[in-house]
Amino acid sequence: MKETQAYIERIKRVNRGYQRLELAVDRSLTAMRAGQALLVRRIDKDYDIENWDPYLRELWFPVAIQAGNIVAVERPARAHFVPGQLLSVLGPVGRAYRFRHKLRNVLLIAYEAMPAALLLMIPSLLAKQVGITLVLMGSARQYETNHLPEEVEVIQAEDNLTWSDMVMTLGWADQVFALVGQGDSLRFFGEILAIMRERHYDIPANYLFGVIQRDLPCGVGACHACALSLRGEHKLQCIDGPAFDLTELRLN
Amino acid sequence: MKETQAYIERIKRVNRGYQRLELAVDRSLTAMRAGQALLVRRIDKDYDIENWDPYLRELWFPVAIQAGNIVAVERPARAHFVPGQLLSVLGPVGRAYRFRHKLRNVLLIAYEAMPAALLLMIPSLLAKQVGITLVLMGSARQYETNHLPEEVEVIQAEDNLTWSDMVMTLGWADQVFALVGQGDSLRFFGEILAIMRERHYDIPANYLFGVIQRDLPCGVGACHACALSLRGEHKLQCIDGPAFDLTELRLN
Amino acid sequence: MAIEITKPGKHSLIVSTPVMPAAGTLGFGDRYKALLNYDMLGAVVTNPVTLEPWKPAAGTRIISLDAGVLVHTGLPNPGLAKVISQNRRVWASMPVPVIVHLASASTSQIKRALDLIDTVDEIAGLELGLRDGIIRNEAIDLVSEAAKMEKPLLVRLPFYECGQLALPVADAGADALVLTAPPRGTARDEHTGRLVSGRVYGPLIKPIVLRLVGRLAREIPTDLPIIAGGGIHSPQDARDYIEAGAVAVQVDTATWARPKMLERIARDLGGWIATRQKDALPDEWNPDMSHTEAMERRTAPPTPRSDPS
Amino acid sequence: MAIEITKPGKHSLIVSTPVMPAAGTLGFGDRYKALLNYDMLGAVVTNPVTLEPWKPAAGTRIISLDAGVLVHTGLPNPGLAKVISQNRRVWASMPVPVIVHLASASTSQIKRALDLIDTVDEIAGLELGLRDGIIRNEAIDLVSEAAKMEKPLLVRLPFYECGQLALPVADAGADALVLTAPPRGTARDEHTGRLVSGRVYGPLIKPIVLRLVGRLAREIPTDLPIIAGGGIHSPQDARDYIEAGAVAVQVDTATWARPKMLERIARDLGGWIATRQKDALPDEWNPDMSHTEAMERRTAPPTPRSDPS
Ligand SMILES: Cc1cc2nc3c(=O)[nH]c(=O)nc-3n(C[C@H](O)[C@H](O)[C@H](O)COP(=O)(O)OP(=O)(O)OC[C@H]3O[C@@H](n4cnc5c(N)ncnc54)[C@H](O)[C@@H]3O)c2cc1C
Ligand SMILES: Cc1cc2nc3c(=O)[nH]c(=O)nc-3n(C[C@H](O)[C@H](O)[C@H](O)COP(=O)(O)OP(=O)(O)OC[C@H]3O[C@@H](n4cnc5c(N)ncnc54)[C@H](O)[C@@H]3O)c2cc1C
Ligand SMILES: Cc1cc2nc3c(=O)[nH]c(=O)nc-3n(C[C@H](O)[C@H](O)[C@H](O)COP(=O)(O)O)c2cc1C
Ligand SMILES: Cc1cc2nc3c(=O)[nH]c(=O)nc-3n(C[C@H](O)[C@H](O)[C@H](O)COP(=O)(O)O)c2cc1C
Ligand code: FES
Ligand code: FES
């Protein structure tokens, strides 16, 4: 965890809703792994002119890490960015996802959230011949996936959060990462868990992970505003997350 | 007084401290006269994303009005502007300066204020063969005047707010406009008045005008935050100003 | 719509839209007529008026804050009689009820003020502003006196004391509570280096006052309407106050920064505008989207044009 | 510098810089060690601790506001005994005094807490946080009980009640007053549409609390130090509180948004930095100007580099 500066080197539209920003970052951040994120704040060239609106840093998950200290992220298209824009960056925030030793098939779910936090793992998993299925649920179905590698199987869930072949997809997956949107994150997790339980009577440990991406005021484990209860203890999204075993998380 | 939109068409550095912005404005604003100003606020293309910092509009005095609905202003060089930037504009604010019928020589004073509010009158007065002297006092002496027409005589006042030939300059002028900076505007006026009174035992009415440019919360005469006392009555900077007869203004 | 913003009975004041300016923001008359459409408002509240003339405060009175502003005016006004004589024709032509805000008075001043106000048909109601730090008994005396009037009586409570005063003021005869006056504060004038006292305005006031309103709405008699205000900067801010229990809202300094926002909020809460979809294009119901804006979305660079309204 | 931030006498607590974090912003231990230099601070105040463990609040607890944020945590902590055992080694290695913040207690809890705290050498002082809405007699009881401790006792007063409580709390034995806890508020979570209650933070809090501090500084005994905080976002904000009568300041959520600002304020008020000229180039005393920034002023585009400190 360090505070460094970055600047926006290139901006590219990836689909109707999102743009891809390529950030020239501090070298240390190119070692980030899938699951880790940056807390970002625009800064002025003249540090004395500080604008406090917006107030908190935004949580940006890398979708790719490239040569030349470039970290790419996806941001909503309606936000205004310009190449050369300076950013203050806290990172890396959080822990890398822990994959099964002999992972063969992974199921990724994005529910009421754009899937950015799940994309960085894709190239390396594909290189290891891992099969990847991405299920889009709720408003995530509006996310267009044409720019993703064609090896990724994309499924649009129904309104009731199921899809055909669901039992098969679940049986086939060795591990599931379910990313949910802000706000009612715990309720979204609860819904996913309920549906999984219906289809999959016994959910083993280290199988179903919930990935949470609420705002993080401090990002360093100080404010405890991101605390979650797991088996009696409290854990922090920013330090222990973003992925938690859904069977251990207290959802109310 | 209308609310219109403008955009920044061109940006040019005029000296070390200031940049000139050429604004493409609503046609009605090209009829503005010296003394009148605009209340300006940057806006986003998407009006829903509103940033409330800074909160109030800034008071911008035109320094030139050009063909093609262009109004030019001078702003501090350290502020960041980009061509194409959209602005929300309230204007015109205030009354035009009233010049003597047979004006031959005018004395302009800028004290703790950059002289922008005094510059729009220059071309038309020069065209009418009016002699113009510009005295810079206090921090206004840092304002570089190379870009002004060479017919304007520029004088740097001493630290005690006087200059050599002061009695002559004052005697020679038919009218004086003394522009002061924000904050202690009334004290600045008091100092100028005191020095004038020493040199010029009897200051006639309609001779010495104080020009004030404090922040204007509403600009339309509603909030009364810009009220000044003149001969028992209260007058508003935004409606009745920016120029007031200094001999009538209550300064404490 | 017909919304009763004061207690039912002979005094009741009915507006067609639950949105009005806060005292001190729109002037005594119709200063904003070129910038917003008064038809859309529910009522107009005047700047604070006092029985005797008050002079403007001297020195700096406006301090820019981060996302806010500190203002101290001294409430300059030429006194109630003159405010009435100067503005009654404008008030008569107003399409909506005019509520006069009377500031910081003594009971004897209130007596004299009522004698004036009750004779002026153009005044639809009185909003009495209680000063900060006022004690309970003084507040009760003032309100009891003002409640003798024929016209409806709104009472604006100070920020810190609103919790303590709400019930006594209700008992003393207020027809509606206005919650709250903005909090006072102190800030440094960057030009002079001096500390300046005044009232603090900005969007961050809203969550603070919203909580006060929500709590008080549960405590006061249900037939006593609350008109809420403090930091309203968007239609959603206004709706939050309604949801917290207010029957109407007052918009304060947002109008200075962005004049059409008051009208936009009024159109929204008055049912003139369907809640706007995110990403929808501007339309005629969106009064602060000028033609320039609408065009700019399609072509670049835009041709600046004046706002149509 | 040597600044006494508690009443002179056996309890007095001396810091070298009049700047510290507010409770709840820097954690229980040294979570910010990678981001700021603790040497520069005057003291560290821990997150609120309770005698028994408290669980995190459920649901949304962070709402972005215009130039501010609303936060509700439920003050999760594993209870005083565990906080001590988990952190005392870190506290021992801290270059500055550690003040433990004890939240919302009963007198019996305070008794038990003191038994624990008085045995822990790594704790330099106790900050007792009085809950919002606390009544005078309860506050007096709590403070009288806590004042029996050997270590210095700071008492943080709630926002609305600070005026009423300052003198009784001083009489009851507080060694310093901390003014004030942030105001509570209610805001809408845009994701769920629900109203959420919590504390309101942001720069607009500062002028409001600054006025309260200025007034109270004139009312309370002159030998009772005030530690002031609320909305501090710049060295000037901090200096304003000192000028208003505080001996030291607490910086709250500015640290989250911009971690080095706490250190910058501490360096500034600690005499480590000459007041920076407008337009001066960044220098080593300006800890939040990284190399990247310094270079960017001369060449473009910049080569991003990590911050040196
Ligand atoms: C900084 C400060 C904050 C206070 N906060 C509160 C509070 O939130 N609620 C409360 O009931 N009492 C508060 N008080 C106490 C209050 O001043 C009186 O003790 C209380 O209102 C009883 O009135 P009184 O007749 O004793 O004093 P009064 O004669 O009514 O008031 C004495 C002085 O205190 C000022 N004052 C009164 N109330 C407040 C207030 N809320 N905030 C700031 N200044 C005030 C008055 O303007 C006056 O200058 C505060 C006092 C101070 C100095
Ligand atoms: C919205 C609101 C604002 C109030 N503002 C003030 C104030 O500024 N100063 C003041 O002295 N009294 C205020 N009160 C009145 C206060 O609640 C009590 O009347 C007073 O503190 C006397 O205490 P008590 O023993 O009657 O009530 P308590 O039992 O102490 O309190 C009753 C309830 O009111 C809450 N409360 C107490 N004080 C405040 C407060 N300041 N702001 C918000 N909630 C509070 C408490 O948390 C509790 O839930 C306010 C009350 C409300 C509802
Ligand atoms: C009887 C009386 C007369 C007052 N007259 C004035 C006045 O003429 N000018 C002034 O600045 N303040 C005057 N004040 C002080 C005002 O109470 C105070 O400035 C006012 O509340 C301003 O509020 P503001 O800070 O919101 O502008 C007067 C107060 C009283 C009680
Ligand atoms: C004895 C006691 C125990 C409490 N325990 C909890 C708890 O475990 N979790 C919680 O969310 N709130 C608890 N509360 C409520 C807290 O008072 C309240 O949430 C706290 O003040 C949070 O403040 P915040 O809004 O600043 O986060 C408890 C209150 C008391 C009096
Ligand atoms: S964001 Fe502050 S503890 Fe996690
Ligand atoms: S700026 Fe509001 S009355 Fe002049």
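Below, chain A is the first sequence line, B the second, and so on; all start at residue 1.
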Are there more than 12 heavy atoms of other residues, nucleotides or ligands under 6.0 Å from atom CZ of B:R33?
-> no
Picking from C:G202, C:A67, C:P203, which has the most non-hydrogen pairs under 4.5 angstrom with chain B?
-> C:A67
Check whether B:L87 gets within reach of chain C through its side chain, its backbone, both or neither, counting any heavy atom under 4.5 Å.
-> neither
Taking all non-hydrogen atoms of both residues into account, name the closest pair between C:S64 and B:D215 and its distance.
-> OG-OD2, 4.1 Å
One option among B:L39, B:D184, B:L23 has the most heavy-atom pairs under 4.5 Å with chain C, and it is B:D184
Chain C contacts: which residues in residues 216-226 of chain B have a non-hydrogen atom closer than 4.5 Å to it?
-> B:P217, B:C218, B:V220, B:G221, B:A222, B:C223, B:H224, B:A225, B:C226
Report the option among C:T255, C:V69, C:N77 that has the most heavy-atom pairs separated by less than 4.5 Å from atoms of chain B.
-> C:V69
Does the side chain of B:Y55 reach to within under 4.5 Å of the side chain of C:H233, using non-hydrogen atoms?
-> yes
Portion of C:L65 that has a non-hydrogen atom of chain B nearer than 4.5 angstrom | backbone
Would you indicate whether B:R10, at its atom CZ, is surrounded by more than 12 heavy atoms from other residues, nucleotides or ligands within a distance under 6.0 Å?
-> no
Applying side chain to side chain contact (heavy atoms under 4.5 Å, CB included), run through C:R31 and B:I239 and close with a yes or a no.
-> CA-CA 10 Å; C:R31 293 286 201 182; B:I239 297 286; 3.8 Å; yes
Backbone N/O of C:A58 and side chain of B:R250: donor-acceptor pair under 3.5 Å | no
Chain B contact residues among residues 19-28 of chain C, heavy-atom distance under 4.5 Å | C:G24, C:T25, C:L26, C:G27, C:F28
When the aromatic ring centroids of B:F188 and C:H191 are compared, is their separation below 6.0 Å?
-> no
Tell me, for B:L29 versus chain C, whether the close heavy atoms (under 4.5 Å) come from the side chain, the backbone, both or neither.
-> neither
Does atom CD of B:Q142 have more than 12 heavy-atom neighbours, drawn from other residues, nucleotides or ligands, at distances under 6.0 Å?
-> no
Atom of B:R41, atom of C:A257 and distance for their closest heavy-atom approach | CD-O, 3.3 Å
Would you mind reporting whether B:R214 and C:R61 have side-chain heavy atoms less than 4.5 Å apart?
-> yes
Evaluate the side-chain proximity of C:Y32 to B:M1: yes if any heavy-atom separation is below 4.5 Å, no if none is.
-> no
Full working for side chain to side chain contact (heavy atoms under 4.5 Å, CB included) between B:W52 and C:R258 = CA-CA 10 Å; B:W52 291 101; C:R258 194 169 155 186; 4.3 Å; yes
Indicate yes or no: at least one non-hydrogen side-chain atom of C:P259 is less than 4.5 angstrom from one of B:L90.
-> yes
Do the side chains of C:K260 and B:E3 get nearer than 4.5 Å, heavy atoms only?
-> yes
Atom group of C:S234 that falls short of 4.5 Å from chain B, counting heavy atoms = neither
